[in-house]
Amino acid sequence: MSTKPSLSERAALAARDGAPASEAADYLSGLNPAQREAVETTEGPVLMLAGAGTGKTRALTTRMAHILATRRAAPWQILAVTFTNKAAREMKDRIRKLIGDSVEGMQWLGTFHSISAQILRRHAEIVGLKSSFTIIDTDDQVRLCKQVIEAANLDPKRWTGRGLAAFIDDWKNRGLIPSKVPAGEAGLFGNGKGIDLYKAYQSRLITLNAADFGDLLVHCLTIFQTHPDVLKTYQDKFRYMLVDEYQDTNVAQYLWLRLLAQQNHNICCVGDDDQSIYGWRGAEVTNILNFEKDFPGAKVIRLEQNYRSTPSILAAASYLIDHNKNRLGKTLWTDVDSDEKVKLRGVWDAEEEARAITDDIESEHTKGRSLSDMAVLVRASYQMRSFEERFNMAGLAYQVVGGPRFYEREETRDALAYLRLVRNPEDDLSFARVVNKPPRGFGDTSLQKLMVAGRRMNCSMAEAGRRLLETDEIKGKAKTSLRAFLEALDRWQVEAEDKRPGELAEQVLDESNYTLYWKNHKSPQAPSKLENLKELAQAASEFDTLPAYLDHVSLVSEVNSNGSTDGKIWLMTLHAAKGLEFPVVFLPGWEEEIFPSKRSVDESGEDGLQEERRLAYVGITRAEESCRISFAANRQVFGQWKSPLPSRFIDELPEDHVDVQSEPGLYGAKAADLPAYSRFNASKVEDDTYYDNPGWKRAREATARRKAGARRTSPPQLEAKADLIASNAPGISDYKIGERVFHQKFGYGKIIGIEGNKLEIDFEMSGAKKVIDSFVEKH
DNA sequence: TTCTTCACGCTTTTT
DNA sequence: GCGTGAAGAA
């Protein structure tokens with residue numbers, strides 16, 4: 001392969017060479033000493049330890065501009081890796097601002113996976129693939145695992161496809177090919193058949209000419225390890241290497257980097273050990289902790305000046321994270337001037353938590369703060385529901401980050417399966433997915449026959465289908481529809497030659513009756529699914545060739561952000577919030593077993609707990625001006641009532657930087673009825689009676705009764721709450737005409753009449769006037 | 001073959 | 001409390 005610069009590369013180089021020499025100095029102005037050191041230390045291994053909000057991106061983009069401007073390397077000689085496409089795009093944009101369009105020459109700026117895929121396509125034959133291999137996603141991976149398990153005659157209920165996929169992923173994250181998996185781990189899955197299943201899975205992938213995400217890296221590693229000449233070409237090519245979010249690298253990625261850096265040693269890793277929150281998918285904090293050992297002569301540069309948050313927010317975060325062991329350690333400081341403290345609030349239950357936060361948001365909004373300056377960050381996505389309900393009720397616009405992704409939706413995946421099949425008829429996974437979708441009378445039984453036949457004749461299912469049509473093994477309706485399907489497939493393949501992907505997509509979806517299927521479908525989601533199909537064809541039309549489009553789709557999973565994000569409250573998980581910042585941040589649900597998550601602690605013990613703590617750290621440090629933590633005394637999780645204890649993280653905050661606001665309660669509950677919580681409570685109680693307070697006690701007793709087998713009644717907390725309502729709720733005489741109130745179901749309204757025990761209310765949302773005899777909040 | 005019903009189980013999520 | 005997936009009914 002040639003490493004000679006292409007014409008466009010040479011053009012970029014010429015443009016760079018023509019740039020005035022004085023430009024270089026401009027990059028450096030305005031950097032603090034640590035940032036400047038990070039930029040200018042170009043040779044040898046560098047670890048840039050960048051705490052939250054310390055101007056990491058600025059330092060690393062400037063560093064690259066500096067390398068280019070001082071002509072240490074040309075754009076195509078720099079390898080810059082990130083984890084997400086978004087991060088790669090942002091980095092590119094930031095560099096473009098510094099050096100202009102010659103950033104386009106940086107062809108090796110991308111995610112680990114996309115760069116690995118590029119490398120793998122050039123050397124695919126070494127690992128037994130063709131360079132046109134398909135990249136399969138998690139769903140197909142699980143499907144394939146299930147097939148492998150069934151083929152091995154294991155009980156698919158006991159040993160699930162998901163389970164096997166998790167094991168295989170774990171091995172691949174650690175860079176282990178089947179022959180290298182430690183014997184001890186073989187017994188963990190499928191009655192000792194774990195490694196055999198892994199082998200079978202890999203050989204199935206080779207037959208399908210496919211690779212899963214983990215393979216992209218592991219195959220690359222194999223190539224580097226077995227072909228020193230190939231490795232050498234890349235070592236020569238990459239004169240400077242830069243890795244973002246190094247604390248999130250797994251073992252395979254670490255090995256990949258180390259092999260490439262072996263020759264030039266010019267590797268700069270940027271990260272923060274305190275923000276490593278992806279251990280559950282194979283990230284190894286130890287990679288960053290051992291950097292100096294792994295890369296001898298490494299220089300560690302700490303970025304410690306924080307430009308984002310107030311002193312109290314920083315103090316809270318630092319104090320909390322100091323409870324973790326094995327940290328590299330750094331001392332964040334800030335110039336920001338503010339005496340606002342972190343706020344901590346205990347509330348009765350989740351409903352009230354949502355109400356209190358919504359009230360806060362509204363009052364900030366009234367003071368003139370934009371809704372998009374505020375974010376609610378939850379531990380798990382099921383916690384979002386109560387907020388969505390409350391926001392809807394209050395008529396506040398919100399924006400959920402994450403959620404179902406475009407390329408993971410049923411209809412998108414079906415459509416892509418059609419297109420994949422057109423490109424690669426050997427793709428059995430896609431074949432099985434769409435051969436009977438829409439229903440064509442070619443059901444499971446016939447599909448099984450094809451599968452068996454394919455395996456017997458060692459060919460793809462499509463090919464097996466062709467051969468079986470000559471015989472009588474498939475009869476009647478199944479035969480007719482299979483013939484029609486295969487003929488259509490042939491036709492599309494011919495059409496694909498000279499049609500653009502957008503047109504082709506439309507044609508395939510029409511002729512297969514897939515569009516019609518959703519048009520006739522009576523489910524309420526059908527119209528939006530049709531919308532999505534249109535969007536897909538639209539997206540495809542932006543690419544020149546079908547393979548180009550399919551490759552893009554396999555490695556990118558973002559939804560096109562639908563509409564403006566302005567004026568909408570952000571609602572997302574803590575994981576999704578990493579790398580973002582907001583003036584006001586709400587952190588609800590700080591309760592034991594929820595945050596820290598029970599499962600995390602159960603499964604990973606002390607390590608799990610420390611990762612949860614880092615997650616708390618990430619949450620707090622997202623806040624610029626105001627950080628508001630809350631916890632509830634009662635919470636329903638999956639329909640089950642719990643009376644959780646306040647999170648231990650609350651006790652790990654610095655007392656003098658936290659304002660405690662005991663919420664008096666929606667229904668006028670007394671502060672004394674709310675949880676006593678550790679040293680923040682004025683009337684602190686001693687260890688044994690630590691959580692012993694009237695409200696909690698009642699709730700827990702009721703839970704205990706239920707657990708003991710009492711007949712299911714209304715939730716215990718509601719009984720307790722009903723008492724409070726009875727004793728504290730406003731009487732009818734407390735309401736006045738013209739007052740603004742809030743109803744659980746109908747939202748805000750104004751009292752327009754009072755009669756007996758009933759209120760007549762004019763509701764803002766619906767515009768309807770209703771007579772209400774149930775409780776309404778005063779507002 | 002396809003439609004319906006019931007049980008189950010359930011963090012976090014990118015590529 | 002809800003959506004998914006596998007077993008029965010039409």
Side-chain angles (χ1 to χ4, degrees), chain A residues 81-88 110-117 135-143 146 156-157 160-162 166 169 172-173 211-218 245 248-250 252-253 276-283 377-386 389 401-405 407-408 410 436-448 476-478 481 522-523 525 551-558 572-579 589 593-604 608 611-612 614-616 618-619 636-641 715:
Chain A
V81 259
T82 62
F83 278 84
T84 65
N85 292 296
K86 193 170 155 230
T111 63
F112 274 103
H113 291 86
S114 70
I115 290 171
S116 295
I135 300 167
I136 66 165
D137 62 21
T138 321
D139 226 63
D140 285 338
Q141 191 190 9
V142 170
R143 228 172 280 259
K146 202 177 156 200
K157 272 188 196 153
T160 61
R162 258 185 130 204
D169 265 350
K172 287 185 178 172
N173 283 337
D212 64 23
F213 290 126
D215 278 343
L216 296 177
L217 282 148
V218 174
E245 307 281 14
D248 288 336
T249 48
N250 61 33
Q253 287 155 343
S276 165
I277 55 174
Y278 285 105
W280 48 274
R281 63 177 200 219
L377 310 182
V378 295
R379 172 70 245 269
S381 38
Y382 65 77
Q383 290 171 275
M384 291 183 187
R385 221 185 59 215
S386 55
E389 280 168 7
V401 179
R405 285 179 287 275
Y407 291 111
E408 277 173 20
E410 183 192 7
N436 195 35
K437 201 159 185 187
R440 299 185 173 92
F442 190 86
D444 276 351
T445 333
S446 312
L447 196 63
Q448 285 302 322
K477 206 177 168 193
S481 57
K522 47 184 184 290
S523 94
Q525 292 99 330
D551 238 29
H552 168 82
V553 165
S554 305
L555 292 171
V556 168
S557 69
E558 294 142 42
M572 65 187 97
T573 63
L574 288 161
H575 284 90
K578 192 168 154 205
E593 308 210 335
I594 289 172
F595 190 37
S597 140
K598 178 172 160 50
R599 238 175 105 166
S600 185
V601 178
D602 283 354
E603 280 171 17
S604 322
E611 182 153 314
E612 294 288 308
R614 292 193 289 266
L615 205 45
V618 167
Q636 226 180 357
V637 182
F638 300 131
Q640 289 275 33
W641 280 99

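For the numbers below, each heavy atom of this structure counts, side chains included, while hydrogens, waters and symmetry mates do not. Order of the sequence lines sets the chain letters (A, B, ...), proteins ahead of strands, with each chain counted from 1.
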- Message: Keeping Asn436(A) on the side-chain end and Phe442(A) on the backbone end, is there a donor-acceptor pair under 3.5 Å?
- Response: yes
- Task: Compare side-chain N and O positions of Lys172(A) against OP1 and OP2 of dT15(B) and report whether any pair is under 4.0 Å apart.
- Result: no
- Is a side-chain donor or acceptor of Ser481(A) paired with a backbone partner of Arg440(A) at a separation under 3.5 angstrom? yes
- Task: Would you indicate, yes or no, if dT14(B) has its OP1 or OP2 atom less than 4.0 angstrom from a side-chain nitrogen or oxygen of Asn250(A)?
- Result: no
- Task: Side chain of Asn85(A) only, please: which of dT15(B), dG1(C), dT11(B) is the nearest?
- Result: dT15(B)
- Message: Within the 4.0 Å heavy-atom criterion, would you say Ser597(A) contacts the bases, only the backbone, or no part of the nucleic acid?
- Response: base
- Query: Within this structure, what is the CD-to-C1' distance between Gln141(A) and dT13(B), rounded to whole angstrom?
  - Reply: 14 Å
- In whole angstroms, the gap separating P of dT13(B) from CZ of Phe112(A) amounts to 21 Å
- In whole angstrom, what separates Arg440(A)'s CZ from dT2(B)'s P? 11 Å
- side-chain N/O Ser600(A) vs dT12(B) OP1/OP2, d < 4.0 Å: no
- Item | Which residues share a ring-ring contact (aromatic ring centres under 6.0 Å, His included) with Tyr278(A), sequence neighbours left out | Trp280(A), His575(A)
- Taking 4.0 angstrom as the limit, do Asp169(A) and Arg162(A) come out as a salt bridge? no
- Check the distance between dG5(C)'s P and Lys146(A)'s NZ and give it to me in whole angstrom. 8 Å
- Message: Between the base of dT15(B) and the ring of Phe83(A) - centre-to-centre under 5.5 Å, planes within under 30° - is that a stack?
- Response: no
- Which one, dT1(B), dT2(B), dT11(B), comes nearest to the side chain of Ser446(A)? dT1(B)
- Note on the structure: From the candidates dT13(B), dT11(B), dT15(B), the one with an atom nearest any side-chain atom of Phe213(A) is dT15(B)
- Task: Please determine if a side-chain N or O atom of Thr138(A) lies less than 4.0 Å away from the OP1 or OP2 oxygen of dT15(B).
- Result: no
- OP1 or OP2 of dT15(B) under 4.0 Å from side-chain N/O of Ser114(A): no
- Message: Let's see if you can work this out: which of dT13(B), dT12(B), dT14(B) has an atom nearest to the side-chain heavy atoms of Arg379(A)?
- Response: dT12(B)
- Task: Return the set of residues passing side chain to side chain donor-acceptor pair (under 3.5 Å) with Ser600(A) (not counting sequence neighbours), or none when no residue passes.
- Result: Glu612(A)
- Query: Considering only dT13(B), dT15(B), dT11(B), which nucleotide approaches the side chain of Tyr278(A) most closely?
  - Reply: dT13(B)
- Base, sugar-phosphate alone, or nothing: which one does Asn436(A) contact when heavy atoms must sit under 4.0 Å apart? sugar-phosphate
- Quick one: which of dC10(B), dT13(B), dT15(B) gets closest to the side chain of Thr84(A)? dT15(B)
- Measure the distance from CG on Asp212(A) to P on dT14(B) and round it to the nearest whole Å. 17 Å
- Atom-pair distance (CG on Asp215(A); P on dT15(B)), nearest Å: 18 Å
- Look at atom NZ of Lys437(A) and say whether more than 12 heavy atoms of other residues, nucleotides or ligands are closer to it than 6.0 Å. yes
- Nucleotide dC2(C), atom C1' - distance to CZ of Arg385(A) in whole Å: 8 Å
- Query: So which one's nearest nucleotide on DNA chain B is more toward 5', Leu447(A) or Glu612(A)?
  - Reply: Leu447(A)
- Nearest-Å distance, OH (Tyr382(A)) to P (dG3(C))? 17 Å
